[in-house]
Colleague: 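Right, I'll just put the structure down here and ask away after.
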Amino acid sequence: MRLAPRAASLSLASAALLVACSVEVDGAPCTVPGETGDCPAGQACGNDLRCSARALSCQASRCDFDASFCPTVAVAMRCDRSDPVCGRWVQDDCAARAMECGPRGSGACECPEPEAAVTVVVADPRGSPSRGASPFPRGQSFPPECRYGKLGDALDAASASTAAAVTVRIEGEEGEQAVFGTAETGEDRPLAVGPRVALVAPGAPAVIRGNAGVTSPAAILRVDGSAEGLRVEANGATGVGIAVECSVMSTEGSSLRRVRVSGGASFDPASAVTGLARGIAMATSSCANRSVRLEGVEVERVSGPALLLEPDLTTTVTVLGGSYTESNTGIELRAGHLTVAYDPATASTPTIARNAAEGIVVGGMGGWTVDATVERAFVDSNGGTGIVVSGLAEPASRVRLTGCDVRANGAIRPDGTGWGTTVGGVVVKLADSRTLVFAGNRLWGNAGDQLGFASDVSWTIGPTGGCGPNTNQFACVDAGAHAVSLYTEKTATVSVPWNIWPGNPFLQFIGPGVVNPGTSFCPAPQPPLACP
């Protein structure tokens, strides 16, 4: 009997439905890879947490993603994610990567433990972020994952080495700066370069960033060894950029070379917006009987002194070249045997410029004992007086200012000698004429007087035997101001033979108590200075 068309259609649909109900469809969610309890018959839970027949077929060979084990010390087997359902065991050749399989129990390729007397440790922001987790970095350059991702870990490892000298070398992406900081690499403490340790960045300058949690007097970087090629950025910190130290473990002094500190301060025009309180500093207790060198160092935008030196009286500090700019004060020299000088190796003149207050302060207040030499420094456009020498223990102290170029200082906060005038160039407040040597300097275009004394003893400024390298030059003196002035409560005088003056007659350029040089003067160089 033949069915009517409508009845035939219903019969076929019913048959199709029965067939569909018997098909096992993949894709139902599940919770435990490898198990069948959450899945339809003929399926298992895959690594993708979905039920499928394929997951059941590989149930015996399935592996958990990233699981690993060590069949030998040279090879690791690792579960790769390339098969999202079953995982796939792949072989990792540890030996070819200069690694070992699982000596610390991870079952994966790990960095070998270096010798106790390791001499080079590598830090790289792209390296492993934790020294306590696989692959357990130990500072090897190869493979890259064995480099320390934290600079603090690298410095700690270097200090723990038994070698006589250790280098921490910073590496990074070619042509880009390597940056270490709390946000970038998780640095969580002030970084310390220990004795015998040299921290170097041979490529692009490495950056060490502070953070707002590092407050005064904490330092972003403490250097008890040496550092080269670094940039230290305040990044909200208000303490010290670099503290130069010498611990009891030190056998030699510390050194900084081609280091730059950016303090983050600004001035409007004479009050500081918060930044580092000090750029580079040495404390009174530091580095007894040792020598410290700063070469090509640059410090900028510090709310206090860019460079503060007050080491132990037996310490010798040499500052060659470099620049100390746009801070409150440029350089403060308070104690020790200190030299700020031209660097003949790099033809670099130490530049102290555009600071809100004084350029260079020798002493200050408190009766400091200083043996200081400032030679061929360029002191320019500081808001306060260019160089101030005062507050020293006498006759124990010695100060030598030679060959310096002191220009256009004192426009905002010039110092004074106490008799109603201001001095923008150099102020000397001393009680013993033996304390100061002042020779071969050029003072010009400073606000107020160029050179002013506040003293009750007599002085001689200039050579006594004729023109020569010790001749001082004065130029570009403001109307009503003096090239040389003296404030005294006694009968002291200042003799000024064989110097170069802005013009002749000299009486218009010398203040009361300054002896007229008469014919003992030197001709001005040609062409004359162009006044600022």
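Note that this is a predicted model, so its numbers are computed, not measured.
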Colleague: Only one of Val299, Ile280, Leu320 forms a side-chain contact (heavy atoms from CB on, under 4.5 Å) with Leu294, so which one is it?
Modeller: Ile280

Colleague: Which residue is it: Val399, Leu392, Val362? I am looking for the one with a side-chain contact (heavy atoms from CB on, under 4.5 Å) to Leu436.
Modeller: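 The passing option is Val399.
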
Colleague: Could you check whether any side-chain heavy atom of Ile387 comes within less than 4.5 Å of a side-chain heavy atom of Val427, counting everything from C-beta outward?
Modeller: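 No, side chains not in contact.
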
Colleague: Is there side-chain contact between Arg258 and Glu295, with heavy atoms separated by less than 4.5 Å?
Modeller: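 No - every pair of side-chain heavy atoms lies 4.5 Å or more apart.
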
Colleague: Taking the six-membered ring for Trp and the full ring for Phe, Tyr or His, determine whether the centres of Trp459 and Phe453 are under 6.0 Å apart.
Modeller: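 Judged by ring-centre distance (under 6.0 Å), Trp459 and Phe453 do meet the cut-off.
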
Colleague: Nearest 0.5 Å please: distance from the OG atom of Ser303 over to the CZ atom of Phe267.
Modeller: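 Atom-to-atom, Ser303:OG and Phe267:CZ are 6.5 Å apart.
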
Colleague: Are the side chain of Asn355 and the backbone N or O of Tyr324 linked by a donor-acceptor pair below 3.5 Å?
Modeller: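 Yes.
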
Colleague: Between Thr435 and Asp432, is there a donor-acceptor pair closer than 3.5 Å when you use the side chain of the first and the backbone of the second?
Modeller: yes

Colleague: Working note: Glu332 + Thr329, criterion side chain to side chain donor-acceptor pair (under 3.5 Å); need CA distance, chi angles, decisive distance, verdict.
Modeller: CA-CA 7 Å; Glu332 296 187 15; Thr329 55; 3.0 Å; yes

Colleague: Is the backbone of Arg169 close enough, under 3.5 Å, to the side chain of Thr167 for a donor and an acceptor to pair up by distance?
Modeller: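 Here the side-chain-to-backbone pair does not exist.
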
Colleague: Restricting to salt bridge (charged side-chain N to carboxylate O under 4.0 Å, His left out), what partner residues turn up for Glu375, sequence neighbours left out?
Modeller: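 With sequence neighbours excluded, Glu375 shows a salt bridge (charged side-chain N to carboxylate O under 4.0 Å, His left out) to no residue whatsoever.
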
Colleague: Does Glu184 come within less than 4.0 Å of Arg126, counting only side-chain N to carboxylate O?
Modeller: no

Colleague: Distance-only, no hydrogens or angles: does the Gln473 side chain make a donor-acceptor pair with backbone N or O of Asn499 under 3.5 Å?
Modeller: no

Colleague: May I ask you to decide if Gly172's main-chain N or O and Glu176's side chain share a donor-acceptor pair within less than 3.5 Å?
Modeller: no

Colleague: Got a donor-acceptor contact below 3.5 angstrom from the Thr351 side chain to the Thr349 backbone?
Modeller: yes

Colleague: Assess the residue pair Arg293 and Ser255 against the criterion (side chain to side chain donor-acceptor pair (under 3.5 Å)); give the C-alpha distance rounded to whole Å, side-chain angles, the decisive distance to 0.1 Å, and a yes or no.
Modeller: CA-CA 5 Å; Arg293 292 176 70 86; Ser255 68; over 6 Å; no

Colleague: Measure from the ring center of Phe521 to the ring center of Phe506 and say whether it is less than 6.0 Å.
Modeller: yes

Colleague: So, Arg147 and Glu171, do they make that salt bridge, N to O below 4.0 Å?
Modeller: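 So Arg147 pairs with Glu171 through a salt bridge.
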
Colleague: Could you tell me whether a side-chain N or O of Asp343 sits under 3.5 Å from a main-chain N or O of Ser348, the two making a donor and an acceptor?
Modeller: no

Colleague: Could you give the distance from CG (Leu276) to CG (Asn235), rounded to the nearest 0.5 Å?
Modeller: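 So the gap between those two atoms works out to 10.0 Å.
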
